Amino acid sequence: MVQTSTSTRTVELITADTALTAVKAGLKESQNLGANVSIAVYNSLLTLVAFAHGDGAPPHSVETSKRKAQTAASIRRPTENFADHLAVALPLASDNLLTNLGGGLPIRFGGVHVGAIGVGGGTVEQDIAIAKAALNAIGAEPID
């Protein structure tokens with residue numbers, strides 16, 4: 001919920017404790033799926049709140065998980081929902097801050113956007129499944 005007056009506003013953000021719970025749940029699900037991943041959680045102000053580079057996760061997964069979380073936090077929707085023609089244009093136009101790779105999901109509680117999670121290192125399907133499992137573990141609204 002955002003409350004505004006003429007001079008100030010209040011923004012709801014995911015807590016560090018909840019973000020860490022999401023990362024831990026994601027790592028557990030990645031083990032169940034046999035995927036080695038990195039997981040990042042950003043708040044709705046695009047600040048990194050929690051991160052883990054899972055055992056055996058590829059080096060590039062550090063950046064892809066962060067970019068997926070940043071994108072989902074910024075656009076407030078899943079990262080795989082971009083049109084195909086934006087696959088190259090989106091990263092180029094944003095200096096590689098935004099991506100259309102699946103695995104980034106917004107985090108909402110009671111309709112309030114508080115941040116996003118990004119998972120990188122598995123297949124796109126694994127990354128999305130891991131992110132969804134993390135949302136479920138923290139009681140966030142499911143993303144279809």
Side-chain angles (χ1 to χ4, degrees), residues 1-55 57-58 60-87 89-91 93-144:
M1 168 188 280
V2 178
Q3 298 173 343
T4 60
S5 72
T6 57
S7 302
T8 64
R9 67 182 176 150
T10 303
V11 179
E12 303 257 355
L13 305 172
I14 191 167
T15 65
D17 190 47
T18 300
L20 288 167
T21 299
V23 169
K24 288 180 184 178
L27 289 173
K28 183 175 180 181
E29 182 65 13
S30 74
Q31 291 173 344
N32 294 339
L33 296 176
N36 299 318
V37 300
S38 291
I39 302 173
V41 175
Y42 279 72
N43 66 25
S44 58
L45 297 177
L46 303 183
T47 302
L48 181 63
V49 180
F51 173 79
H53 180 235
D55 296 337
H60 73 274
S61 67
V62 171
E63 287 305 316
T64 58
S65 65
K66 290 179 179 181
R67 295 298 182 242
K68 291 175 185 185
Q70 289 172 329
T71 301
S74 176
I75 65 170
R76 300 177 180 218
R77 61 186 173 119
T79 54
E80 72 273 5
N81 288 344
F82 284 103
D84 289 340
H85 71 277
L86 294 175
L90 186 66
S94 67
D95 198 23
N96 282 322
L97 292 178
L98 300 177
T99 183
N100 68 330
L101 296 173
L105 299 177
I107 301 172
R108 295 185 191 98
F109 295 101
V112 177
H113 176 73
V114 298
I117 187 166
V119 180
T123 65
V124 170
E125 295 77 17
Q126 289 172 324
D127 291 351
I128 293 169
I130 292 163
K132 286 182 175 184
L135 292 184
N136 184 55
I138 61 172
E141 293 175 12
I143 304 294
D144 295 323

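Please read these numbers as outputs of a predicted model, since none were measured by experiment.
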Can you tell me if D55 has over 12 outside heavy atoms packed within less than 6.0 Å of its CG?
no
Under the 3.5 angstrom rule, does the side chain of S74 hit a backbone N or O of Q70 as a donor-acceptor pair?
no
Taking the side chain as every heavy atom from C-beta outward, state whether L13 and S44 have any pair of such atoms under 4.5 Å apart.
yes
Strictly distance-based, threshold 3.5 Å: is any side-chain N or O of K68 a donor or acceptor partner for the main-chain N or O of G102?
yes
Donor-acceptor check, side chain of S61 to backbone of P58, threshold 3.5 angstrom: yes or no?
yes
One should read off an interatomic distance between R76 CZ and L105 CG, to the nearest 0.5 angstrom, of 15.5 Å
So L97 and R67, do their side chains get closer than 4.5 Å, heavy atoms only?
yes
Report the residue from V23, I39, L27, V124 that forms a side chain to side chain contact (heavy atoms under 4.5 Å, CB included) with V119.
I39
Which value, rounded to the nearest 0.5 Å, describes the distance between E80 atom CD and T99 atom OG1?
10.5 Å
Are any of the side-chain heavy atoms of I143 and R108 separated by less than 4.5 Å?
yes
Can you confirm whether L135 sits close enough to I107 that some side-chain heavy atom of one is under 4.5 Å from a side-chain heavy atom of the other?
yes
Could you pull out the closest heavy-atom pair between I138 and F109, with the gap in Å?
O-CE2, 3.4 Å
Any idea which heavy atoms bring V41 and A19 closest together, and the distance?
CG1-CB, 3.6 Å
Backbone of L101 reached by a side-chain donor or acceptor of T79 within 3.5 Å:
yes
Do S38 and V62 have side chains that get closer than 4.5 Å, going by heavy atoms?
yes
CG-CG distance between L45 and L48, expressed to the nearest 0.5 angstrom
13.0 Å
Distance, nearest 0.5 Å, that separates CG of N100 from OG1 of T71:
8.5 Å
Are the side chain of D127 and the backbone N or O of G122 linked by a donor-acceptor pair below 3.5 Å?
yes
Closer than 3.5 angstrom, by distance alone: can the side chain of H60 be matched with the main-chain N or O of G121 as a donor-acceptor pair?
no
Do side-chain atoms of E141 reach the backbone of G110 as a donor and acceptor pair under 3.5 angstrom?
yes
Please tell me if the side chains of E29 and K132 come closer than 4.5 Å, counting only heavy atoms from C-beta onward.
no
Please report the shortest heavy-atom distance between A40 and A69, naming the atom on each side.
O-CB, 3.6 Å
For A73 versus H113, what's the shortest heavy-atom pair and its separation?
O-NE2, 3.0 Å
Shortest non-hydrogen contact between A134 and A25, atoms and distance
CA-CB, 4.2 Å
